[in-house]
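Structure first, then comments.
In what follows, chains carry the letters A, B, and so on, assigned in the order in which the sequence lines appear, proteins first and then strands, with residues in each chain numbered from 1.
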There are 2 protein chains.
Amino acid sequence: MPSSPDTHSLEMLVRRLESIATLSDEERQAILSLPARTRVLKAGHDIVREGDKPSHCCLILSGWAYRYKLIDQGRRQIFSFHIPGDIPDLQSLHIHTMDHSAATLTESTLAFLPHENLLDLTTRFPSLAAILWRETLIDAAIFREWMVGMGRRTAFERIAHLFCELYLKLQAVGLAQSYRCALPITQIDLGDALGLTNVHVNRVLKEMREQGLITLRGGTLVIESWDELIGACGFDPTYLHLEKRAAA
Amino acid sequence: MPSSPDTHSLEMLVRRLESIATLSDEERQAILSLPARTRVLKAGHDIVREGDKPSHCCLILSGWAYRYKLIDQGRRQIFSFHIPGDIPDLQSLHIHTMDHSAATLTESTLAFLPHENLLDLTTRFPSLAAILWRETLIDAAIFREWMVGMGRRTAFERIAHLFCELYLKLQAVGLAQSYRCALPITQIDLGDALGLTNVHVNRVLKEMREQGLITLRGGTLVIESWDELIGACGFDPTYLHLEKRAAA
DNA sequence: CGGCAGTTTGACAAAACTCAAACACGGTGG
DNA sequence: CCACCGTGTTTGAGTTTTGTCAAACTGCCG
């Protein structure tokens, strides 16, 4: 389990923040001088657990992660999937006790950023605070959309909607193009994310395949017909707030 | 529709923030000098709508509100219920286009706070920014818990869980005691919040009544047996993060 | 060549939904 | 004061979606 100080990893954070707002040289420099510690985790390992009081946030450099909660040792709800550039536990900066867990979905490289230094950053640079705050608000916007899905959409719509969402998020960071992307999510995970059983997910996936909407094999999602897919689930990307915000 | 400048309303905001962290005199003074404009809205009126680009946040002084989204003119998902002291659209401070709507549930008195002044406040006082940021993070924590409900809990558990949550939130601001509180939420609203039909909500409510867990009549909820109620839904209040945070 | 995790399929069961009608209740106007 | 109205609640009967259980199948990894 390698672990080393690493400054290059912070360039990813700079790129991510610059995709949201313009940074001043001073801000960029302050980010790059954060003391990051990089670590590689195997697939299926917890990053933080419910009840923990973490002292670091975790930036994903490579790989996928997810957040989840277990109730009575059998039922699991997945809240989100995370890809490189995300800080899945950014909320721990201001909420000291974890009310849920985060784990890797694939082998991942993670950079751990001390709360202390991040808090210092947000105090010195209110516009950086605003960008990070906004990131957590978009997180919440995605939660809301998942609520709409679980509360009011059919299994078919829910799955289609999630595929649209993930494709756009991957595309935004250059990890997807021409309606094709990696999707290292098992049908069990999909079920736990969407409030369905893996069996039912499987049946719906089969139907989507038969309708020529998508193919999902070997960890790769191919969207055969984007227009039909978004039509089938009423997808509207507004809630992802992907447009670059006006310069700070 | 009366509308007037009002400084007293801001004392409610001060009290709310002081229940979370200790404020300096300077901070308290800065909040009290925010230019608030108070307005009374009848029940069932939209406060902000999906697509709007609001220039104010809205502090609830009295009454109840809720946030929701409509899909294809028939299905509605409610995301949250809000009570006095809440700022249901605090997120609009950093997300400029509303991706959902907010409305009053009962006649309500609302204080509108200009984004401009709130942003100035967060820039001048990073510790106030932290408190408000934290409020939006708790909002998201509640979303996650609702996701657990809609994804992985039975209708019975979901309803019981919501009652526990609302009771504790009301109690925290002094609007509930001895297991009794106002609950101006129709069974239709409950269904739209929990991903159920009003018919099914009605049947489950009947069952809860028959089991002697609760009574709900005339807009008043009485929890007959708190211990059984939390037992029946596995309620754990951690996610509400109600404990006062360490002084800033 | 196993072995294990994940997928696929079938038969059946249950939770929740739909439609429809009756009922309660608070507010309004005659 | 009472009839009426609208909104919300309650109940019933039948349907649908999704879940459960169980077994077979696939594919990758050691």
For [X] and [N], give me the distance from atom [atom1] to atom [atom2], rounded to whole Å.
{"X": "B:E207", "N": "D:dT10", "atom1": "CD", "atom2": "P", "value": "14 Å"}
{"X": "A:L105", "N": "C:dG6", "atom1": "CG", "atom2": "P", "value": "10 Å"}
{"X": "B:M150", "N": "C:dA16", "atom1": "CE", "atom2": "P", "value": "14 Å"}
{"X": "B:R75", "N": "C:dT18", "atom1": "CZ", "atom2": "C1'", "value": "15 Å"}
{"X": "A:Q187", "N": "C:dT7", "atom1": "CD", "atom2": "P", "value": "4 Å"}
{"X": "A:R153", "N": "C:dA16", "atom1": "CZ", "atom2": "P", "value": "21 Å"}
{"X": "B:I188", "N": "C:dT18", "atom1": "CD1", "atom2": "P", "value": "14 Å"}
{"X": "A:K42", "N": "D:dC29", "atom1": "NZ", "atom2": "P", "value": "14 Å"}

Strictly below 4.0 Å, N to O, side chains only: are [X] and [Y] in salt-bridge contact?
{"X": "B:D189", "Y": "B:R76", "result": "yes"}
{"X": "A:D72", "Y": "B:R153", "result": "no"}
{"X": "A:D192", "Y": "B:R152", "result": "yes"}
{"X": "B:E135", "Y": "B:R16", "result": "yes"}

Specify the closest pair of heavy atoms between A:Q77 and B:G151, including all atoms of both residues, with the distance to one decimal.
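That would be OE1-CA, 3.3 Å.
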
Can you see which heavy atom on A:V204 is nearest to which on A:A155, and at what distance?
CG2-CB, 4.0 Å

Residues from residues 211-218 of chain A lying under 4.0 Å of DNA chain D - heavy atoms
none

At under 4.0 Å, does any side-chain N or O of B:R209 touch on OP1 or OP2 of D:dT9?
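No, because none of the side-chain N or O atoms of B:R209 sits under 4.0 Å from OP1 or OP2 of D:dT9.
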
What parts of residues 190-206 of chain A reach DNA chain C, counting only heavy atoms under 4.0 Å away?
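Those residues whose heavy atoms fall under 4.0 Å from DNA chain C, taken from residues 190-206 of chain A in numerical order, are A:V199, A:N202, A:R203, A:K206.
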
Mutual orientation of the aromatic rings belonging to B:F112 and B:H56 [parallel < 30°, tilted 30-60°, perpendicular > 60°]
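Rings of B:F112 and B:H56: perpendicular, as their planes differ by over 60°.
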
Measure the acute angle between the ring planes of A:Y167 and A:W226, then classify it against the limits of 30° and 60° as parallel, tilted or perpendicular.
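Tilted, since the angle between the ring planes falls between 30° and 60°.
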
Determine, stepwise, if the pair A:E165 / A:L240 fulfils side-chain contact (heavy atoms from CB on, under 4.5 Å).
CA-CA 8 Å; A:E165 174 183 311; A:L240 292 172; 3.9 Å; yes

